**Q** 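Mind having a look at this structure? Questions to follow.
Whatever order the structure lists them in is the order used to number ligands and atoms, beginning at 1. Note that the structure is a prediction, hence the values are computed from the model and not measured. These values consider heavy atoms only, across backbone and side chains, with no hydrogens, waters or symmetry-generated copies.
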Amino acid sequence: MKYIVPLFAVLIVFALRSEAYCTLSCTSEEIATNTPHCFITSIVSGTSCVVTGSESLVQRIEKVYLTVDISSTLTAVTVQNQVAPGKLEIVFSREYENIRTLTLHGDWIRITADSLRNLPNLEYFTFISGIFDVFPPFTNYHPLLTELILHNFTTDDPFSTIPSDKVSDLPQLQNLRLCPAKIVQISHVGISLLPSLETIIICNVTNSETAFQNACPSFNNLNAISIHEGGLQDISFLDCLPNPEIFEHLNLDFNQITSIDGLHRFPNLLLLGLFENRISSIRRSNFTGLGQLTFLNLPGNLIDVIWDDTFLDLISLKKLNLDVNPMVTINPRVIESIPNLEYFKTPLLHCDCSLEWLSIAYHTHNLHINPYSLCDTPSQFAGLNVYDPSIYVECSNANSPYECFSKTRETCNDGSYCQSTPEGFECICEGENNVYSRMNGGKCFNIDEVLAKPAECDGTLHLNADNELECGSPNKVPFP
Ligand SMILES: *[C@@H]1O[C@H](CO)[C@@H](O)[C@H](O)[C@H]1NC(C)=O
Ligand SMILES: *[C@@H]1O[C@H](CO)[C@@H](O)[C@H](O)[C@H]1NC(C)=O
Ligand SMILES: *[C@@H]1O[C@H](CO)[C@@H](O)[C@H](O)[C@H]1NC(C)=O
């Protein structure tokens with residue numbers, strides 16, 4: 001086994017240096033028949049081979065067979081169908097022991113299970129928008145499979161179930177994607193015995209939850225799961241994962257999830273995707289322990305309120321998407337509590353002065369707000385970006401008592417208002433002669449009053465418990 005690895009490396013270099021091109025060379029006799037076999041002898045390897053056919057060829061034929069005939073030393077084959085949908089079939093008519101990577105994509109490209117059988121050492125198989133005759137028995141014929149990507153695929157036989165003995169028991173399989181082009185079932189042990197599995201993506205499978213639960217005990221290395229269109233209602237099916245602490249990506253878009261109870265079991269979760277689900281209420285307790293989470297994706301849910309402290313424990317959060325939720329406003333404290341936030345997408349909002357902080361955060365705090373974050377109401381602002389300064393021109397002088405958008409979560413009291421400065425946000429008092437003292441309870445003081453310090457006071461002025469200016473001891477500093 002030891003010297004096989006360098007040998008493979010040499011072969012890859014050789015394969016990539018070869019020219020990759022395909023020509024369909026059907027004879028006119030072949031074209032005259034309905035199903036011509038167009039043999040090609042040129043090299044198909046390394047870079048992508050795009051098969052095209054002239055229009056007259058395509059119109060006259062039902063199917064083109066591209067029989068791969070290449071040097072037995074080549075290790076990778078890539079073919080893209082540009083003949084016409086469903087008209088190109090790839091044929092391996094003899095065994096190719098060296099082929100480790102096969103990539104077939106585009107427009108219902110076809111391959112049969114028998115052809116695939118001629119690649120016994122296949123490790124990486126990517127099949128995008130393709131059709132098999134029958135679902136291939138990967139388990140029996142490709143024991144070395146490391147990556148199996150089946151995206152938007154179907155079969156000629158009535159395809160309603162992914163059978164149990166075809167994708168199970170593959171000891172080396174690390175990455176699996178099973179996304180049929182229409183909704184099917186998966187046998188209850190259809191994906192079991194995959195001890196090396198690191199990432200799994202399943203979509204369009206009605207019973208993914210039970211299939212996953214049956215398979216779960218062998219998933220010692222699993223760190224990323226995507227289940228789309230799987231009808232999930234909660235995440236309890238993850239309870240069976242043997243190593244929750246290595247788990248990093250959870251993507252459950254297009255399900256019916258109402259509860260995310262149990263997330264605290266995944267302290268190293270980086271990404272949580274819940275696009276298009278049925279989540280109506282989120283609280284701080286739902287995200288306890290997710291100190292590593294960097295991306296929270298919640299568009300298309302039923303969330304109508306975000307509480308100030310909801311994201312307080314998400315100290316690593318960088319991206320937050322709340323698009324398409326029924327909430328109409330967001331308090332600045334929600335965002336102030338996320339120190340590392342870089343990107344934010346809001347739903348349609350009601351843009352009144354209480355949202356001025358969005359403009360301030362965008363223009364002076366470099367918070368990247370997605371440009372499709374728009375105002376819905378009032379009607380004169382509908383369609384404007386939530387951070388458009390023209391919405392808030394009337395606001396900044398309005399002396400509004402709302403919280404200042406700042407990391408210190410300062411509240412501007414007593415007639416002061418929030419203003420951005422080059423240093424960040426500050427509470428400012430109306431009138432030239434008024435100064436703001438954060439230390440003394442966040443109040444405005446008249447500077448004349450302060451300067452006219454009573455002669456008998458040799459200390460500094462400060463506020464007493466009744467909020468009155470008082471002569472205090474010299475070591476107190478009233479206006480930091
Ligand atoms: C599936 O493949 C067909 C044929 O190429 C294509 O028209 C369709 O858009 C694809 N669907 C998805 C979801 O990729
Ligand atoms: C899932 O199935 C639906 C309908 O059956 C189809 O429109 C969609 O393209 C499929 N998704 C994928 C990724 O194939
Ligand atoms: C969040 O936690 C509360 C209990 O603290 C629970 O009632 C609610 O269903 C949880 N929300 C989600 C989406 O799981």
**Q** Going by the order shown, which atoms of ligand 3 are within less than 4.0 Å of some heavy atom of I260?
**A** 12 (C), 13 (C), 14 (O)
**Q** What part of S281, side chain, backbone, both or neither, has a heavy atom within less than 4.0 angstrom of ligand 3?
**A**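 Within the 4.0 Å criterion, S281 contacts ligand 3 through backbone atoms alone.
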**Q** Without hydrogens or angle criteria, can the side chains of D114 and T112 be said to hold a donor-acceptor pair below 3.5 Å?
**A** no
**Q** Pairs of nitrogen or oxygen atoms closer than 3.5 Å, one from N286 and one from ligand 3: do any exist?
**A**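 Between N286 and ligand 3, an N or O pair is found under 3.5 Å apart.
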**Q** Which bit of I279 gets closer than 4.0 Å to ligand 3, counting heavy atoms only: side chain, backbone, both or neither?
**A** side chain
**Q** In terms of ring plane angle, is the pair F153 and F159 parallel, tilted or perpendicular, where the classes change at 30° and 60°?
**A**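 Judged by the thresholds at 30° and 60°, the geometry between F153 and F159 is tilted.
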**Q** What class does the angle between the rings of F311 and F287 fall in, given that below 30° is parallel, 30 to 60° is tilted and above 60° is perpendicular?
**A**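 If you compare the ring of F311 with that of F287, the planes turn out tilted.
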**Q** Do we see a donor-acceptor contact under 3.5 Å between the side chains of T329 and H350?
**A**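 No, no side-chain donor-acceptor contact under 3.5 Å.
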**Q** With heavy atoms under 4.0 Å as the rule, classify the contact between S259 and ligand 3 as side chain, backbone, both or neither.
**A** both
**Q** Using non-hydrogen atoms of the residue, decide whether D234 is closer than 4.0 angstrom to ligand 3.
**A**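 So D234 does not count as touching ligand 3.
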**Q** What residues, two or more places apart in sequence or in another chain, satisfy side-chain contact (heavy atoms from CB on, under 4.5 Å) together with I128?
**A**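 So I128 forms a side-chain contact (heavy atoms from CB on, under 4.5 Å) with H105, T126, H151.
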**Q** Flag yes if more than 12 heavy atoms outside Y372 fall under 6.0 Å of its OH atom; otherwise flag no.
**A**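 No, OH of Y372 has 12 or fewer neighbouring heavy atoms, counting only those of other groups under 6.0 Å.
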**Q** Considering residues, nucleotides and ligands other than R117, do more than 12 of their heavy atoms fall under 6.0 Å from its CZ?
**A** no
**Q** Between D309 and R333, is there a salt bridge with N-O shorter than 4.0 Å?
**A** no
**Q** Using a plain distance cutoff, I'd like to know if I282 has any nitrogen or oxygen under 3.5 Å from a nitrogen or oxygen of ligand 3.
**A**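 No; the residue has no nitrogen or oxygen that sits under 3.5 Å from a nitrogen or oxygen of the ligand.
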**Q** Would you tabulate the polar-atom pairs, meaning N/O of ligand 2 against N/O of the protein, with distances under 3.5 Å, reported to 0.1 Å?
**A**
{"residue": "ligand 2", "atom": "2 (O)", "partner": "N204", "partner atom": "OD1", "Å": "3.2"}
{"residue": "ligand 2", "atom": "2 (O)", "partner": "N204", "partner atom": "ND2", "Å": "2.3"}
{"residue": "ligand 2", "atom": "11 (N)", "partner": "N204", "partner atom": "ND2", "Å": "2.9"}
{"residue": "ligand 2", "atom": "14 (O)", "partner": "P180", "partner atom": "O", "Å": "3.1"}

**Q** So do N81 and W108 actually touch side chain to side chain, heavy atoms under 4.5 Å?
**A** no
